[in-house]
Amino acid sequence: MPLDHTVGSITVTALVDGAGPFFQPREAAFPDATAAQWAEADRRDPATVTPDGGWWLPFRCFALRTGDGPVTLVDAGIGPADSLAAGWAPVPGRLPAELAAAGIDPADVRTVVLTHLHSDHVGWAGELFPNADHLLQRAELEALARFHPELPARLLGPLRAAGRLRVVDGETDLTPGVRVLSTPGHTPGHQSVLVDSGDDRLLVTGDLLVHPLQLVDPALPYAHEEDPGLARTTRVALLDTLARRGPTTLATPHLGTPFTPLEPHPPQS
């Protein structure tokens, strides 16, 4: 069954589209990590480690809903068997079944926030959600040459033609308590989603962080970031800000567990 986490009146549901081993040795993805950092990351999140010492990678989306109202979906998974991620991800994904298990009709999804345009985050976007606007940062669209060459024809063109592509610049309020944050670096227009009730908050990270190593040391670069320096600055600054504000949960696509408490900073004297 999909797992839920509640922030104020908003229920956040983690939906697993699939899982499988990463396509390269994990040490190649994080070449600067030390043995001590690997050991601490594995202690914190043993579900990310395969029996042979590789990286086990879940692929999650997150549904946000107040009561039985309209749904905001963050990311769209790896997709069906013929998706853009088929060359490397464990397709077909099971998002339609996960939505059904969570009691969510795809027709009730009114906004799909695509954190970025990598193929494992856009797989079910488009036709599965006929009533949904699909929200992207303008900077992401302006960097299309960096992504899968079939994206314009298979996804973005049809969305634009149907009037269901929503382009934003920077931070944007979606619904009460839900805000899109610009978190560039992993890709030029990467975005995350903050759910905030005042005394409790949750950050749907997208690929702002992809492995527990980046909780051990948020400054660690990931080999598949477009701009590692910018990604590091964004990640360190945002996690630091949230930790100082108080209790925060991280909702992550690729960590072993979907909801991870962010360790708070000690009170300042």
Side-chain angles (χ1 to χ4, degrees), residues 12 15 17 59-65 70-80 83-85 89 93 95 99 106-175 177-195 202-210 222 224-227 230-231 234-235 238 251-254:
V12 182
L15 306 161
D17 195 30
F59 298 89
R60 295 191 190 91
C61 314
F62 292 90
L64 283 55
R65 191 174 207 177
V71 176
T72 296
L73 184 71
V74 184
D75 282 331
I78 55 177
S83 73
L84 299 180
L95 182 59
L99 289 166
D108 291 335
V109 176
R110 300 303 168 83
T111 303
V112 177
V113 178
L114 298 174
T115 61
H116 61 297
L117 289 175
H118 283 162
S119 59
D120 56 319
H121 292 257
V122 303
W124 294 101
E127 291 184 4
L128 182 61
F129 306 107
N131 299 322
D133 288 340
H134 290 60
L135 189 146
L136 280 170
Q137 291 287 326
R138 189 175 306 279
E140 196 76 349
L141 282 178
E142 291 175 349
L144 272 182
R146 299 172 184 259
F147 303 112
H148 198 292
E150 293 183 33
L151 259 174
R154 290 186 58 175
L155 177 62
L156 300 176
L159 285 175
R160 195 186 298 275
R164 296 197 291 120
L165 182 64
R166 180 181 173 191
V167 182
V168 299
D169 291 295
E171 296 192 4
T172 303
D173 289 325
L174 291 183
T175 59
V178 180
R179 185 170 180 80
V180 167
L181 305 181
S182 174
T183 51
H186 181 75
T187 62
H190 189 281
Q191 56 188 350
S192 304
V193 176
L194 181 65
V195 183
L202 175 146
L203 180 72
V204 186
T205 64
D207 283 359
L208 177 73
L209 63 90
V210 298
Y222 171 49
H224 301 286
E225 291 164 337
E226 294 283 352
D227 186 334
L230 179 57
T234 301
R235 183 168 50 251
L238 182 54
T252 56
H254 302 308

Intermediate values then yes/no, side chain to side chain contact (heavy atoms under 4.5 Å, CB included), Val168 and Gln191: CA-CA 10 Å; Val168 299; Gln191 56 188 350; 4.2 Å; yes
Pair Trp124-Leu99, side chain to side chain contact (heavy atoms under 4.5 Å, CB included): steps then yes or no: CA-CA 12 Å; Trp124 294 101; Leu99 289 166; over 6 Å; no
Residues Asp75, Asp17; criterion side chain to side chain contact (heavy atoms under 4.5 Å, CB included); working and verdict: CA-CA 10 Å; Asp75 282 331; Asp17 195 30; over 6 Å; no
Trace of the side chain to side chain donor-acceptor pair (under 3.5 Å) decision for Gln137 with Ser182: CA-CA 8 Å; Gln137 291 287 326; Ser182 174; 4.7 Å; no
Derivation and outcome, side chain to side chain contact (heavy atoms under 4.5 Å, CB included), residues Val113 and Leu64: CA-CA 11 Å; Val113 178; Leu64 283 55; over 6 Å; no
Intermediate values then yes/no, side chain to side chain donor-acceptor pair (under 3.5 Å), His254 and Asp207: CA-CA 8 Å; His254 302 308; Asp207 283 359; 3.1 Å; yes
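Applying the ring-ring contact (aromatic ring centres under 6.0 Å, His included) rule to pairs touching residues 132-151 yields His118-Phe147, sequence neighbours excluded. Sorted by first then second residue, the salt bridge (Lys or Arg N to Asp or Glu O under 4.0 Å) pairs that include residues 161-175, not counting sequence neighbours, are Arg138-Asp169, Glu171-Arg179, Asp173-Arg179.
Among all heavy-atom pairs drawn from Val195 and Val12, the shortest one is CG2-CG2, 4.5 Å. Of all heavy-atom pairs between Cys61 and Gly77, the closest is SG-N, 3.3 Å. Nearest heavy-atom pair across Glu140 and Gly189 is OE1-N, 2.6 Å. Nearest approach of Phe59 to Ala89, heavy atoms of both residues: CZ-CB, 4.4 Å. Smallest separation of non-hydrogen atoms from Pro80 and Gly123: CD-O, 3.5 Å. Closest approach of Pro158 and Pro152 over heavy atoms only: CD-O, 3.9 Å.
In this structure, Leu73 and Leu15 have side chains that are in contact, with non-hydrogen atoms separated by less than 4.5 Å. A heavy-atom distance below 4.5 Å is found between the side chains of Asn131 and Arg110. Two residues are said to be in side-chain contact when any heavy atoms from C-beta on lie closer than 4.5 Å; Arg65 and Asp108 meet this criterion. Side-chain contact check for Thr175 versus Thr111: every heavy-atom pair is 4.5 Å or farther apart. Contact annotation: the side chain of Thr234 approaches that of Pro184 to within less than 4.5 Å [non-hydrogen atoms, C-beta and beyond]. Using a 4.5 Å cut-off on side-chain heavy atoms (C-beta onward), Leu208 and Leu181 make no contact. Taking the side chain as every heavy atom from C-beta outward, Pro253 and Thr205 approach each other to under 4.5 Å. Side-chain contact between Leu84 and Arg154 is present, with heavy atoms from C-beta onward closer than 4.5 Å.
Here CG of Leu209 is found 8.5 Å from OG of Ser192. Values are rounded to the nearest 0.5 Å. Between atom CG of residue Leu203 and atom CG of residue Leu194 there is a gap of 6.0 Å, rounded to the nearest 0.5 Å. Atom CG of Leu117 and atom CG of Leu141 lie 6.5 Å apart (nearest 0.5 Å).
In terms of modelled atom types and a separation under 3.5 Å, the side chain of Glu226 and the main chain of Thr187 share no donor-acceptor contact. A distance-only check finds a donor-acceptor pair linking the side chain of Thr172 to the backbone of Gly170 [under 3.5 Å].
Ring pair His116/His121 is tilted by interplanar angle, where 30° to 60° counts as tilted.
Looking at Leu135, Val122, Leu165 one by one, the single match for side chain to side chain contact (heavy atoms under 4.5 Å, CB included) with Leu114 turns out to be Val122.
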